[in-house]
There are 2 protein chains.
Amino acid sequence: MELPNRKMDILKAVIEDYIATAVPVGSRTIARRYMSGLSAATIRNEMADLEEMGYLIQPHTSAGRIPTDKAYRLYVDRLLEIKPLGEEQNNAVREHFFRHMDEMEQVIRKTAQIISDLTQYTSLVLAPQMRRTTLRRIQLVPINREMALVVIVTDATVVKDVVIRIPEGMDNDRLDTISRMMTVRFAGHSIADVDISLMEGLERDIQQYRRFFTDLMNAMGDSILQPDWQDLVMEGAINIFNFPEYQDIKRARSFLTMLETREKLYQMLARRTKLETAITIGDENEDSDLKDCSVVTATYRVTGRPMGSIGVIGPTRMEYGHVVGVLDLIGRNLGELISLYIDE
Amino acid sequence: MELPNRKMDILKAVIEDYIATAVPVGSRTIARRYMSGLSAATIRNEMADLEEMGYLIQPHTSAGRIPTDKAYRLYVDRLLEIKPLGEEQNNAVREHFFRHMDEMEQVIRKTAQIISDLTQYTSLVLAPQMRRTTLRRIQLVPINREMALVVIVTDATVVKDVVIRIPEGMDNDRLDTISRMMTVRFAGHSIADVDISLMEGLERDIQQYRRFFTDLMNAMGDSILQPDWQDLVMEGAINIFNFPEYQDIKRARSFLTMLETREKLYQMLARRTKLETAITIGDENEDSDLKDCSVVTATYRVTGRPMGSIGVIGPTRMEYGHVVGVLDLIGRNLGELISLYIDE
DNA sequence: CGTTAGCACTCAACGAGACAGAGTGCTAAC
DNA sequence: GTTAGCACTCTGTCTCGTTGAGTGCTAACG
């Protein structure tokens, strides 16, 4: 199953030429531009072999060849050279990152923008996953006589707030007391552990406000644990118009429609949060809508733990080396920035 | 400048047929489908007049006619019949609205979805404008030793939070005291009034933490008063592909690109918040990117005061009557829902 | 035996020309 | 004032030939 060197070189040349031009590449082009030692006829023979082996196909007779998903897979596994970014781009990224970034939401959005700027593909950024954080503090802030805001502070400073109805006659001091009490009880626990059982031993209060506390637990659990696809940010969707293979209105449309079902994208990214970098090419994607796209994702880590994913989505003809380089750089910066929010 | 009745009828027929079909409409069509008493030739003469008057144009000789922006303007001003929604749709809307809507952000997003579902155009929803609300409470919630979260509660329950750096050695009790103090000082004021001058008379504290307080004011001012285009939610952008006039890839692209510059859209909606309903057609739009689109917006009111806008954006060939009906219904429901968050 | 030159063949892309269909403007008659 | 008739114009579509890129095959070469 090992490919001879020369075939490998030719395949690489075809792939890279096709990535650069989106035009089926013929034997002449390869002979002239990449393998000057050989004639077109020789390349032709090799290409016929590669076609038989499933690495290349012809869109029609008498056209050049284009790589198959299988070829991209081989390319990514064996031939890929990760392209680190230049010094000045590196600095530009850091500049962007450590200026004007106070709110987490803004950080996420800006990150997505930078990725799509640098790669020219559609970027995806998954905000830090709450279920991986631990609680630090809970504060009930009264809004009016009937409602309060539950502010949840975690060790990643990712704050969520939920509105909750409060029982009649509960005053501000009481809310404060409850806040303090809950903070003591919950601090250090994972958010996934939040449960009424943690309230054991506070029988007096629970008796009186049992209903309120269960509401509270549910609200916290719901709003934070639920697959929350608002945590997914996307930028540069319309970059797709830059690619000749999406000049066809039907393809462009189906691509953009696919992007609109954010639940699926969210789940894809969430599932990949453990993987360092993951590349899926065309048919390898579980979702059939993605079958002529490639997805590249990377994890970012906060104080060592994987907290979320970043990624791009684009045509299978993707500049994998460059994308992996960008995601690597951005992932490290993002992790670092979020870590700044944390002290421990 | 008054149009004779028959011309008016013909113009109306042309507009409505064109809105329905997107195909230039000829004299035969009108004679057959709308004005059975007259022959095509007569209609032709009238249409020639209407063309001369600037209400119709021919895309080319020997094509039918299409309405100009001026015609749509006349139509909207004089001929428009607002189409109220049917009973069951009305109920469906209320159903949607008063189920599963706890968080403001969710309300806004869902509203946008409903509008784009009902109209099949791209919807825009502007969240309640902070600068129109008054402050109710301010609470500083410590996050870690260096930072705190400023939670701002307004009378529209629209809560914003900002992260701020706190001076060394400031403990939780102190933050609580400051929160209480600021609440007393600021409650009832418009958020636009927040200023260090409101802190007069607290010289002791200010002396000690002057820097902190100015930071705090700035942070609040910045994050809330700034044209915050995150308050703008959009749904159904890809609906544009449903319209034959956007089958052309270049037009579709430029439309979607225009939607991506959210600042402009934000400002357009913000500017219209005072107007009950506003319709701008084609060239009437200030932004040249919108020159072959129409924008319809409506205000929603919370306890009587206009708080934000909702709207749709689509081709000038828009079903104005239907859109106005939908926006009216949704606007009232949205206002009502938000009012529920308020007690006074 | 691998490599190369030559050649016939295939197919998409492009442009020209023909044609049908829709719609108009004009004129003359009702 | 309205209508029928007719010549005219323009678009969209279809067909057909041409061009050019690229292939596969065969035979010759080192």
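Order of the sequence lines fixes the chain letters, A, B, ..., with proteins taken first and strands second; residue numbering starts at 1 for each chain. It should be emphasised that the depicted structure is a prediction, and the values quoted were computed from it without experimental measurement.
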**Study point:** Partner nucleotide, any strand, of D:dT9 [Watson-Crick/G-U, under 3.5 Å]
**Key:**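 Partner of D:dT9: C:dA22.
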Exercise for review: Using both distances under 3.5 Å as the test, list the Watson-Crick or G-U wobble partner of C:dT27, or none.
Suggested key: D:dA4
Practice item. Decide whether B:Y121 and B:E319 meet the rule of one side-chain donor and one side-chain acceptor closer than 3.5 Å. Key: no
Point to revise | Test item: side-chain donor near acceptor, B:S294 and B:R317, under 3.5 Å | key: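 No - no donor-acceptor pair under 3.5 Å links their side chains.
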**Study point:** Aromatic centroids of A:Y72 and A:Y55 separated by under 6.0 Å
**Key:**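 Judged by ring-centre distance (under 6.0 Å), A:Y55 and A:Y72 do not meet the cut-off.
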**Study point:** Distance flag, aromatic centroids of B:Y246 and B:F241, threshold under 6.0 Å
**Key:** no
Check your understanding: Once you round to the nearest 0.5 Å, how far does CD1 of A:I238 lie from CD of B:E260?
Key -> 4.0 Å
[N] [atom2] sits how many Å from [X] [atom1], rounded?
X: A:H60; N: D:dG20; atom1: NE2; atom2: P; answer: 16 Å
X: A:I57; N: C:dC11; atom1: CD1; atom2: C1'; answer: 16 Å
X: B:D17; N: C:dA22; atom1: CG; atom2: P; answer: 15 Å
X: B:E51; N: C:dG25; atom1: CD; atom2: C1'; answer: 11 Å
X: A:I30; N: C:dT4; atom1: CD1; atom2: P; answer: 15 Å
X: B:M35; N: D:dT2; atom1: CE; atom2: C1'; answer: 15 Å
X: B:R44; N: D:dG1; atom1: CZ; atom2: P; answer: 18 Å
X: B:R28; N: D:dT3; atom1: CZ; atom2: P; answer: 14 Å

Looking only at the side chain of [X] (C-beta and beyond, no hydrogens), which of the listed nucleotides [options] gets closest?
X: A:Q58; options: C:dT4, C:dG25, D:dG24; value: D:dG24
X: A:A41; options: C:dC11, C:dC26, C:dA5; value: C:dA5
X: B:S62; options: C:dT3, D:dT2, C:dG23; value: C:dG23

**Study point:** base_contact_polar (D:dT3 base, B:S39 side chain, donor-acceptor, <3.5 Å)
**Key:** no
Point to revise | hbond_proxy A:T61 side chain to C:dT10 base (donor-acceptor, 3.5 Å cutoff) | key: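 Counting by modelled atom types and ignoring angles, no donor-acceptor contact under 3.5 Å is found here.
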Exercise for review: State whether A:R6 places a side-chain N or O below 4.0 Å from either non-bridging phosphate oxygen (OP1 or OP2) of C:dT3.
Suggested key: yes
Check your understanding: Looking only at side-chain N and O atoms, does A:R65 come under 4.0 Å of OP1 or OP2 in D:dT23?
Key ->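 Answer yes for this pair, as a side-chain N or O of A:R65 is under 4.0 Å from OP1 or OP2.
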Practice item. By nearest nucleotide on DNA chain D, pick out whichever of A:T29 and A:N45 is the more 5' one. Key: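 Going by which nucleotide is closer to the 5' end, it is A:T29.
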